[in-house]
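Here is the structure we will look at.
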Amino acid sequence: MRLLTWNINSVRLRLPLLEQLAAQTEADIICLQETKCPDELFPLDALIALGYKHIHLWGQKSYNGQAILSKHPFTLPMTYTRCGQDDCRHISVKFDAFELHNLYIPAGGSGGDPPDPQINPKFQHKLDFVDEMSAWLSDTYTSDTPLIMLGDFNIAPYENDVWSHKQLLKAISHTPPETTRLEAMRTSLNWTDTRAHFIPLDQKSYSWWSYRSPDWTKNNRGRRLDHIWVTPPLTKALQDFNILTDYRSAEKPSDHVPVILDLKI
DNA sequence: ATGGTCGGTACCCGA
């Protein structure tokens with residue numbers, strides 16, 4: 001069983017790259033964020049032609065938007081209101097072996113925006129979103145439920161999840177209020193961060209490189225914003241983990257690259 | 001120390 005998560009940053013613009021990715025990886029399940037596409041305009045036919053006959057969509061015009069594309073049938077397609085908004089940031093489906101949650105945590109601002117909830121409402125929204133998710137997960141599940149939660153979490157929790165821990169401590173995505181909240185969410189259901197399971201934490205690991213650098217390979221100033229977590233019943237099934245860094249060098253790339261998890265299921 | 005680029009959409013917002 002191969003799962004893949006990718007912040008595609010417009011599914012319509014990058015459909016050819018998505019088709020290439022599907023052919024190359026033969027993933028069973030593809031989870032997308034930032035599709036930026038209303039459901040009625042989603043390129044369903046092209047994806048069904050690739051074998052993804054089971055699709056759960058939740059899109060809107062211009063912003064956010066998610067999709068779960070699957071070669072296997074699922075039940076219980078859900079969409080969730082978060083922080084009082086139906087802004088297409090959390091969906092889930094249920095497979096025989098596990099329930100799958102696709103998450104797109106708010107960015108909380110960009111560039112040099114201040115990481116201060118008092119003056120930056122987007123940052124407040126991000127902190128609230130993680131708090132709400134943590135509470136909801138603890139209220140809804142126990143750690144013996146087989147769950148996979150993945151997506152663009154927009155937080156790089158560990159020192160080697162960013163190119164410079166010291167220089168980015170005040171940069172949104174790596175500030176202590178964010179990283180402590182994400183760790184609290186992770187430990188609440190005893191989630192395994194599959195990156196940490198497969199790549200020692202003293203090694204750098206990135207999944208995103210800003211568009212604002214003329215050449216992302218030159219100084220490799222990346223961050224790991226994209227995550228795949230599993231609950232304890234699934235840790236025995238973990239087989240392999242890969243970040244498809246090459247996709248950052250594709251023609252018209254997303255600023256995020258796909259992350260893959262293989263499971264013995 | 002600062003500004004740098006995308007995508008969607010409609011001349012700006014969000015990342």
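Just so you know, these numbers come straight off a predicted model, no measurement behind them. In what follows, chains carry the letters A, B, and so on, assigned in the order in which the sequence lines appear, proteins first and then strands, with residues in each chain numbered from 1.
- Between the P atom of B:dG14 and the CG atom of A:N64 lies a distance of 10 Å, rounded to the nearest Å.
- Between B:dT5, B:dA15, B:dG14, one nucleotide has an atom nearer to the side chain of A:Y211 than all others, and that is B:dT5.
- Rounded to the nearest Å, the gap between the P atom of B:dG4 and that of B:dG8 is 22 Å.
- For the pair A:N7 CG and B:dG7 P, the computed distance is 12 Å after rounding to whole Å.
- Look at CD on A:E34: it is 15 Å from C1' on B:dT9, rounded to the nearest Å.
- Within 4.0 Å (heavy atoms only), A:K252 reaches sugar-phosphate atoms of the nucleic acid but no base atom.
- The side chain of A:S110 has B:dA15 as its nearest neighbour among B:dA10, B:dG7, B:dA15.
- Contact between the side-chain N/O atoms of A:K36 and the OP1/OP2 oxygens of B:dT9 is not found at any separation under 4.0 Å.
- Residue contacts shown for A:R14 are limited to sugar-phosphate atoms, with no base heavy atom under 4.0 Å away.
- If you take NE2 of A:H125 and P of B:dG14, they are 12 Å apart, rounded to a whole angstrom.
- Computed from coordinates, the A:Q33 CD to B:dG7 C1' distance equals 16 Å when rounded to whole Å.
- When rounded to the nearest whole Å, the span between OH of A:Y63 and C1' of B:dT9 equals 8 Å.
- Under the 4.5 Å side-chain heavy-atom criterion for Ile, Leu, Val, Met, Phe, Trp and Tyr, A:W208 and A:L4 are members of distinct hydrophobic clusters.
- Listed nucleotides B:dC13, B:dG4, B:dT9 differ in distance to A:R212; the shortest reach to its side chain belongs to B:dG4.
- Nearest nucleotide to the side chain of A:R89, out of B:dG7, B:dA15, B:dT9: B:dA15.
- Put simply, the residue from A:H174, A:E183, A:H165 that forms a side chain to side chain donor-acceptor pair (under 3.5 Å) with A:Y158 is A:E183.
- A:R186 forms no cation-pi arrangement with A:W191, by the criterion of a distance under 6.0 Å to the ring centre and an angle within 45° of the ring axis.
- When each of A:A107 and A:V11 is assigned the nucleotide of DNA chain B bearing its nearest heavy atom, the one mapping closer to the 5' terminus is A:V11.
- Interatomic distance, A:K204 NZ to A:N160 CG, rounded to the nearest 0.5 Å: 4.5 Å.
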Derivation and outcome, side chain to side chain donor-acceptor pair (under 3.5 Å), residues A:Q33 and A:T5: CA-CA 8 Å; A:Q33 304 86 36; A:T5 179; 3.0 Å; yes
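- In this entry the distance linking OH of A:Y104 with P of B:dG14 reads 12 Å, nearest Å.
- Look at A:K61 and you'll find a side-chain N or O under 4.0 angstrom from OP1 or OP2 of B:dA10.
- Nearer the 5' end of DNA chain B, as judged by each residue's closest nucleotide, is the contact made by A:P38, out of A:P106 and A:P38.
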